[in-house]
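Reading through the structure tokens given below for one structure.
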There are 2 protein chains.
Amino acid sequence: MHDNCERVDSIQLEKLLQKVPDPESITRMAAVFQALQSDTRLKILFLLKQKDMCVCELEQVLSVTQSAVSHGLRTLRQLDLVRVRREGKFTIYYIADKHVRTLIEMCLEHVEEKA
Amino acid sequence: MHDNCERVDSIQLEKLLQKVPDPESITRMAAVFQALQSDTRLKILFLLKQKDMCVCELEQVLSVTQSAVSHGLRTLRQLDLVRVRREGKFTIYYIADKHVRTLIEMCLEHVEEKA
DNA sequence: TGAATATATGAACAGCTGTTCATATATTAA
DNA sequence: TTAATATATGAACAGCTGTTCATATATTCA
């Protein structure tokens, strides 16, 4: 660990640090991004973006086990990225809100821009 | 692996699947979100959002080693989330573009909404 | 040139993630 | 109630991540 370089202005840095979201928010954000960091879960979101679906349908489209889909959905649900409703014997999942759509659209634009 | 539930309409699902971004884009998105999934890297972005900074300054603010900051920045740089310019002996990092700002702002709104 | 400062990189290790398998629970229909 | 369908959950294992330590490279200044 070494000391300040000449650019460092501790007082200014302190002020900038205060505008960084509190540790709890940062950790929650990290958890959200962490949930968005899996191919399978991203595909789930792009599918749900088009149509509310039950686990069966998702399992059919993605080529993973029912268990994997269910685990993935749980992760997304816990962070309120998707929500659930019951329809008879089916559990229907859907995108939670606008934020989620914006997040994945922004990211898609970003990666497509340099493709 | 079991078969279709009664809700499954293979033809419709096939169409929906086609609208999911191609595997390469999905993987790149996953990589971007993966980069955003660390407390340290998120803090870096919220700091750079306010002011372009050299590694020293970031090291000073966050409580991690210079090595950790540098590794974190490399990850962000490789995904074009931050960019670099040289200023004499300093390497100045800055947020790459609007997308990045929107991504972290969207996510912050999302987590703060339910706090 | 040599010393000091600023940054990058590689190795290595502890801890976390995503998948599958096996099984449990919940709902419907017979 | 029983069988069948739909979904959830726990264990376990392979693979990945982030940090630190040690060291290398690059730039400035004397």
Side-chain angles (χ1 to χ4, degrees), chain A residues 1-9 26-27 30-45 48 52-79 81-94, chain B residues 1-8 26-27 29-45 48 52-79 81-94:
Chain A
M1 189 78 68
H2 60 182
D3 244 35
N4 306 358
C5 75
E6 66 200 59
R7 276 178 56 94
V8 165
D9 171 348
I26 289 284
T27 298
V32 167
F33 285 127
Q34 131 71 24
L36 295 173
Q37 158 262 27
S38 123
D39 285 37
T40 298
R41 290 190 296 261
L42 279 178
K43 285 184 205 160
I44 289 176
L45 291 176
L48 295 183
D52 299 0
M53 292 193 194
C54 70
V55 180
C56 257
E57 289 174 294
L58 290 167
E59 177 191 357
Q60 182 82 183
V61 180
L62 311 165
S63 307
V64 288
T65 60
Q66 177 269 319
S67 179
V69 174
S70 192
H71 280 300
L73 286 167
R74 180 167 61 159
T75 300
L76 295 171
R77 204 176 55 216
Q78 282 170 341
L79 293 159
L81 299 175
V82 302
R83 291 181 187 151
V84 191
R85 68 170 181 272
R86 263 268 165 193
E87 277 186 19
K89 64 178 169 179
F90 297 101
T91 307
I92 311 291
Y93 283 87
Y94 57 99
Chain B
M1 188 78 71
H2 61 183
D3 245 37
N4 305 357
C5 75
E6 67 201 58
R7 277 177 56 94
V8 165
I26 289 284
T27 297
M29 290 182 67
V32 166
F33 285 127
Q34 131 70 24
L36 296 173
Q37 156 263 27
S38 124
D39 284 38
T40 298
R41 290 191 296 262
L42 279 177
K43 284 182 204 161
I44 289 176
L45 291 176
L48 294 183
D52 299 0
M53 292 192 193
C54 69
V55 180
C56 258
E57 289 174 294
L58 290 168
E59 176 191 358
Q60 182 82 183
V61 180
L62 311 165
S63 308
V64 287
T65 61
Q66 177 269 319
S67 179
V69 174
S70 192
H71 280 300
L73 286 167
R74 180 167 60 159
T75 300
L76 294 172
R77 205 176 54 216
Q78 283 170 340
L79 294 158
L81 299 175
V82 303
R83 290 180 188 153
V84 192
R85 68 171 179 272
R86 262 271 166 191
E87 275 186 19
K89 64 176 168 178
F90 297 101
T91 308
I92 311 292
Y93 283 86
Y94 57 98

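Just so it is clear: chains get the letters A, B, ... in the order the sequence lines come, proteins before strands, and each one is counted from 1. Keep in mind it's a predicted model, so treat the numbers as computed, not measured.
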Query raised in the report: What parts of residues 33-43 of chain A reach DNA chain C, counting only heavy atoms under 4.0 Å away?
Result: A/Gln34, A/Gln37, A/Ser38, A/Thr40, A/Arg41
Query raised in the report: What is the distance from CD of B/Gln60 to P of C/dT7, rounded to the nearest Å?
Result: 12 Å
Query raised in the report: How many angstroms lie between CD in B/Gln66 and SG in B/Cys56, if you round to the nearest 0.5 Å?
Result: 8.0 Å
Query raised in the report: Bend angle of the helix from C/dT1-D/dA30 to C/dA30-D/dT1 from five-pair axes at both ends, rounded to 10°?
Result: 20°
Report task. Check whether any side-chain N or O of B/Tyr93 sits under 4.0 Å from OP1 or OP2 of C/dA8, and answer yes or no. Result -> yes
Query raised in the report: Just how far is it from atom CE of B/Met53 to atom CD of B/Gln60, taken to the nearest 0.5 Å?
Result: 11.0 Å
Query raised in the report: Roughly how many Å is it from CG in A/Leu58 to C1' in D/dA8, rounded to a whole number?
Result: 15 Å
Query - For B/Arg86, salt bridge (charged side-chain N to carboxylate O under 4.0 Å, His left out) partners two or more places apart - result: none
Query raised in the report: How long is the gap from CG on B/Leu73 to CG on B/Leu58, to the nearest 0.5 Å?
Result: 6.0 Å
**Report entry** Distance-minimising heavy-atom pair for B/Glu59 and B/Val69
**Finding:** CA-CG2, 3.8 Å
Ignoring hydrogens and angles, write down the donor-acceptor pairs under 3.5 Å from the side chains of residues 30-45 of chain B, residues two or more places apart or on other chains.
unit_1  : atom_1 : unit_2  : atom_2 : d
B/Gln34 : OE1    : A/Gln37 : NE2    : 3.4
B/Gln37 : NE2    : A/Gln34 : OE1    : 3.4
B/Ser38 : OG     : B/Thr40 : N      : 3.3
B/Ser38 : OG     : B/Arg41 : N      : 3.0
B/Asp39 : OD2    : A/Thr27 : OG1    : 3.0
B/Arg41 : NE     : B/Ala35 : O      : 2.7
B/Arg41 : NH2    : B/Gln34 : O      : 3.2

Query raised in the report: Considering heavy-atom distances to DNA chain C, does A/Arg7 or A/Glu87 have its closest nucleotide positioned more toward the 5' end?
Result: A/Arg7
Query - Closest to side chain of A/Thr65, choosing from C/dC21, D/dT9, D/dC21 - result: C/dC21
Report summary line: Taking every heavy atom of A/Val84 against every heavy atom of A/Arg77, the minimum-distance pair comes out as CG2-CD, 3.1 Å
Query raised in the report: Between A/Asp52 and A/Glu57, which heavy-atom pair has the shortest distance, and what is it?
Result: O-OE1, 4.3 Å
Query raised in the report: When the distance from CZ of A/Phe90 to P of C/dT27 is rounded to whole Å, what number comes out?
Result: 14 Å
Query - Selection: residues 67-76 of chain B, any non-hydrogen atom under 4.0 Å of DNA chain C - result: B/Ser67, B/Ser70, B/His71, B/Arg74
Query raised in the report: B/Glu59 has an atom CD; how far is it from atom P of C/dT7, in whole Å?
Result: 9 Å
Query raised in the report: Whole Å only: how far is the CD1 atom of A/Ile92 from the C1' atom of C/dT27?
Result: 13 Å
Requested in this report: Taking the six-membered ring of A/Tyr94 (Phe, Tyr or Trp), confirm whether the NZ or CZ of A/Arg85 is under 6.0 Å from its centre and within 45° of its axis.
Outcome: yes
Under-3.5 Å N/O pairs linking protein and nucleotides 23-26 of chain D:
none

Requested in this report: Let me know the distance between NZ of A/Lys89 and C1' of D/dA8, rounded to the nearest Å.
Outcome: 17 Å
